[in-house]
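Quick notes on the structure that follows.
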Number of protein chains: 4
Amino acid sequence: MLAAMNLFVEKGIQGTPMSAIAKAAGTGMGTIYNYFATKEELINAIYLHIKTSEITQTLKSLDSNSSLKTKFLEFYISFINFYLKHPAGFAFMDQMQNSPIITEATKAQGLNAFGPVFELITQGQKEGIIKPLEMESILYFLAGTINTFVRWIQKADKNTQQQKIAAQLSMVWDAVKA
Amino acid sequence: MLAAMNLFVEKGIQGTPMSAIAKAAGTGMGTIYNYFATKEELINAIYLHIKTSEITQTLKSLDSNSSLKTKFLEFYISFINFYLKHPAGFAFMDQMQNSPIITEATKAQGLNAFGPVFELITQGQKEGIIKPLEMESILYFLAGTINTFVRWIQKADKNTQQQKIAAQLSMVWDAVKA
Amino acid sequence: MLAAMNLFVEKGIQGTPMSAIAKAAGTGMGTIYNYFATKEELINAIYLHIKTSEITQTLKSLDSNSSLKTKFLEFYISFINFYLKHPAGFAFMDQMQNSPIITEATKAQGLNAFGPVFELITQGQKEGIIKPLEMESILYFLAGTINTFVRWIQKADKNTQQQKIAAQLSMVWDAVKA
Amino acid sequence: MLAAMNLFVEKGIQGTPMSAIAKAAGTGMGTIYNYFATKEELINAIYLHIKTSEITQTLKSLDSNSSLKTKFLEFYISFINFYLKHPAGFAFMDQMQNSPIITEATKAQGLNAFGPVFELITQGQKEGIIKPLEMESILYFLAGTINTFVRWIQKADKNTQQQKIAAQLSMVWDAVKA
DNA sequence: CATGAATGAGATTTCATTCAT
DNA sequence: GATGAATGAAATCTCATTCAT
């Protein structure tokens with residue numbers, strides 16, 4: 001899966017034959033097909049793996065004693081850091097986000113992992129700290145900002161990253177705070 | 001180009017042979033190749049056409065007498081409405097956003113059209129109305145929010161659209177306002 | 001189709017890749033697929049072509065002034081001669097007779113051409129010359145005898161063919177005559 | 001072998017992977033290869049097994065006190081009944097009859113078992129009851145009629161089978177009788 | 001002796017592009 | 001300038017067979 005992901009990112013889905021994946025992974029092509037019935041199934045598996053890791057990793061770095069605002073921002077930063085640490089994973093997800101290859105079932109499974117984010121926002125709304133808008137409204141808003149932000153700072157000078165993140169956080173928090 | 005775009009959206013780039021485009025467009029395959037040297041060139045042309053229309057159309061609906069905040073929000077709404085009116089165009093751009101098929105040259109050309117948005121934001125910053133952040137920081141932020149927002153409300157109930165847009169605007173404005 | 005048939009007979013269906021057919025036919029592989037959507041469709045087309053020729057050719061050699069018995073035997077001989085003249089065609093049909101590749105539709109179409117044989121036998125039954133059995137009973141009987149007979153004498157010494165045919169006819173006629 | 005035969009009949013040789021046979025037989029793939037060196041060897045073994053059973057079973061039902069004509073017809077009926085009782089076996093043989101997979105050696109071995117039929121016909125010829133034609137001429141004739149006949153009545157209404165068999169016997173006997 | 005994961009050669013099919021008409 | 005039949009490289013996927021366990 002790792003070999004496949006890297007190739008998909010580098011050459012595109014289309015530009016990566018299964019034979020190339022097998023070679024990069026050091027196996028035979030048939031072996032891949034023993035685990036993933038089709039190329040699409042392999043792609044979905046990678047998607048789900050990243051989507052799940054995304055949350056799992058992010059949750060680890062959460063300090064449960066912080067204030068809600070701090071927790072929220074930590075969460076947001078965590079996501080950004082996750083993708084900065086895994087640029088290939090980000091590029092893969094970016095490419096796949098709207099691809100018809102990712103099935104609805106996979107997307108639904110991927111969403112499952114996001115329960116903790118729901119809770120945090122709901123809690124903030126109860127406390128009157130976060131705007132009392134529809135959950136989806138807020139989630140899609142945040143997702144959109146993370147996506148373009150990461151795409152941008154990946155290409156930017158490392159020295160300015162902290163400053164850019166601060167700017168981003170200021171916009172994000174003002175956007176959602178009540 | 002229209003026939004091609006609709007097919008690309010419906011069946012995917014991969015799933016749309018040039019022969020299908022020719023048939024849908026009511027011409028021969030050779031004719032397409034008289035105007036676009038390759039399939040990729042055709043795709044880039046469509047991309048650029050939409051990107052340009054996006055701005056052209058949006059500028060039309062701008063009332064130059066409004067306050068800066070109103071202008072800004074009108075701009076934002078305009079973008080949303082443009083894509084709501086052209087769902088195939090949106091789906092196409094969404095699909096192509098991170099595709100290696102779109103060349104850097106095309107992307108750069110697409111950016112050219114965005115001069116008026118630059119000016120508006122710069123003006124707002126001078127007046128102390130908009131956060132004094134890097135231009136790109138703000139632009140990517142806005143672009144990200146528009147993208148996921150449109151994708152979401154396209155699928156949503158038409159009756160709730162206005163309310164969702166209002167919610168979105170409240171977040172967007174709070175995010176960028178000084 | 002001719003190139004394909006010869007290869008199918010020589011190497012078997014399985015043992016004949018489309019690339020080999022293309023090469024033998026002096027075309028590109030894609031060209032074959034412009035006329036036959038799949039390998040199976042090509043095989044069905046060959047089957048139908050032979051089945052149709054079988055009757056067309058046979059009918060030509062029929063003397064309409066002969067007695068019914070003579071006509072019947074001429075018919076029978078004609079079939080045999082057709083296949084002796086086209087051994088590859090025979091081998092192909094022999095191979096395909098019970099193959100699941102040949103669709104029911106193709107078989108039904110192939111049967112259409114056999115109207116004249118039906119008529120001849122019906123006529124013979126009316127005249128009390130041929131056993132008053134079910135039409136299918138007689139047809140399958142005859143078909144079975146032709147099949148194994150041709151397969152046999154193809155391998156046999158040419159000098160004894162006439163004698164073998166005479167023996168066969170004596171059995172066939174005794175079998176069906178009233 | 002039984003599991004393999006049933007799958008071959010149902011899905012075709014081509015459509016039956018060794019893994020499917022192993023699963024259906026409740027063993028591992030390797031185990032099959034301990035008994036049959038290749039898939040083709042397995043197929044030849046099945047062929048030979050059926051060919052041998054065909055005669056063995058048929059001989060059992062023979063009444064040695066009957067007249068030669070009766071014996072002959074009993075033989076013929078016996079073959080038909082054997083295949084009606086083993087439709088999968090028939091379908092398998094039908095499919096394999098002219099397949100290049102069955103080796104000449106296997107075919108020759110299969111023929112060995114047919115000694116008793118030879119004798120019966122030779123005896124009939126000596127007694128002047130059966131046409132004094134070449135042995136092969138008669139055998140191929142009979143084989144052909146059995147083949148198409150069984151294929152036909154397998155699909156037919158069970159109630160009419162006896163009547164169809166009677167019709168068939170009348171043709172067969174008239175064909176071979178002196 | 002049984003097992004079944006691993007293998008990769010090879011088969012079918014697609015489709016961007018060309019070019020004679 | 002328009003056309004679409006011809007092309008063949010290249011992609012996905014299958015499966016007989018092996019062999020370490």
All side-chain contact (heavy atoms from CB on, under 4.5 Å) counterparts of B:Pro87, not counting sequence neighbours: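 Checked B:Pro87 against side-chain contact (heavy atoms from CB on, under 4.5 Å); matches are B:Gln154.
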
Contacts of A:Ala91 that satisfy side-chain contact (heavy atoms from CB on, under 4.5 Å) - sequence neighbours left out: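 In terms of side-chain contact (heavy atoms from CB on, under 4.5 Å), with neighbours along the sequence ignored, A:Ala91 is linked to A:Val9.
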
Nucleotide range of DNA chain F lying under 4.0 Å from chain B heavy atoms: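 Here the contact window of chain B covers F:dA2 to F:dA5.
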
Spacing of D:Met93 atom CE and D:Gln97 atom CD [to the nearest 0.5 Å]: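 D:Met93 atom CE to D:Gln97 atom CD measures 6.0 Å (nearest 0.5 Å).
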
Pairwise distance CZ(C:Phe90) to CD1(C:Ile50) - rounded to 0.5 angstrom: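 Reported value, rounded in 0.5 Å steps: 11.0 Å.
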
Within residues 32-43 of chain C, residues whose heavy atoms come under 4.0 Å of DNA chain F: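 Here the set is C:Asn34, C:Tyr35.
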
Sorted by number, the residues of residues 18-29 of chain B with heavy-atom contact under 4.0 Å to DNA chain F: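 Of all residues in residues 18-29 of chain B, the ones placing a heavy atom under 4.0 Å from DNA chain F are B:Thr27, B:Gly28, B:Met29.
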
For DNA chain E, the residues among residues 5-17 of chain C that have a non-hydrogen atom under 4.0 Å from it: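 Those residues are C:Thr16, C:Pro17.
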
Measuring only between side-chain heavy atoms, which start at C-beta, is [X] closer than 4.5 Å to [Y]?
| X | Y | answer |
| --- | --- | --- |
| B:Leu42 | B:Tyr35 | no |
| D:Ile46 | D:Phe8 | yes |
| D:Thr148 | D:Trp152 | no |
| C:Ile13 | C:Met96 | yes |

Dot-bracket summary - DNA chain F, pairs being Watson-Crick or G-U whose distances fall under 3.5 Å, with | when paired to another strand: .||||||||||||||||||||

Side chain to side chain donor-acceptor pair (under 3.5 Å) against D:Asn6, all qualifying residues, sequence neighbours excluded: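 D:Asn6: no side chain to side chain donor-acceptor pair (under 3.5 Å) contacts found.
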
For C:Thr106, side chain to side chain donor-acceptor pair (under 3.5 Å) partners two or more places apart: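 C:Thr106: side chain to side chain donor-acceptor pair (under 3.5 Å) contacts with C:Asn44, C:Thr103.
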
Listed once per pair and sorted, the salt bridge (Lys or Arg N to Asp or Glu O under 4.0 Å) pairs that draw on residues 29-46 of chain C, sequence neighbours left out: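 Listed by first then second residue: nothing to list.
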
Nearest non-hydrogen partners of C:Thr16 and C:Leu7, listed with the distance: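 For C:Thr16 and C:Leu7, the tightest heavy-atom pair comes out as OG1-O, 3.2 Å.
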
Partner residues of B:Lys107 under the salt bridge (charged side-chain N to carboxylate O under 4.0 Å, His left out) criterion, sequence neighbours left out: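 So B:Lys107 forms a salt bridge (charged side-chain N to carboxylate O under 4.0 Å, His left out) with B:Glu104.
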
Partners passing salt bridge (charged side-chain N to carboxylate O under 4.0 Å, His left out) against B:Lys23 (at least two apart in sequence or in another chain):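 Once residues adjacent in sequence are excluded, B:Lys23 has no partner under the salt bridge (charged side-chain N to carboxylate O under 4.0 Å, His left out) criterion.
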
A:His86 ring center within less than 6.0 Å of A:Phe82 ring center: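 A:Phe82 vs A:His86: aromatic centres under 6.0 Å.
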
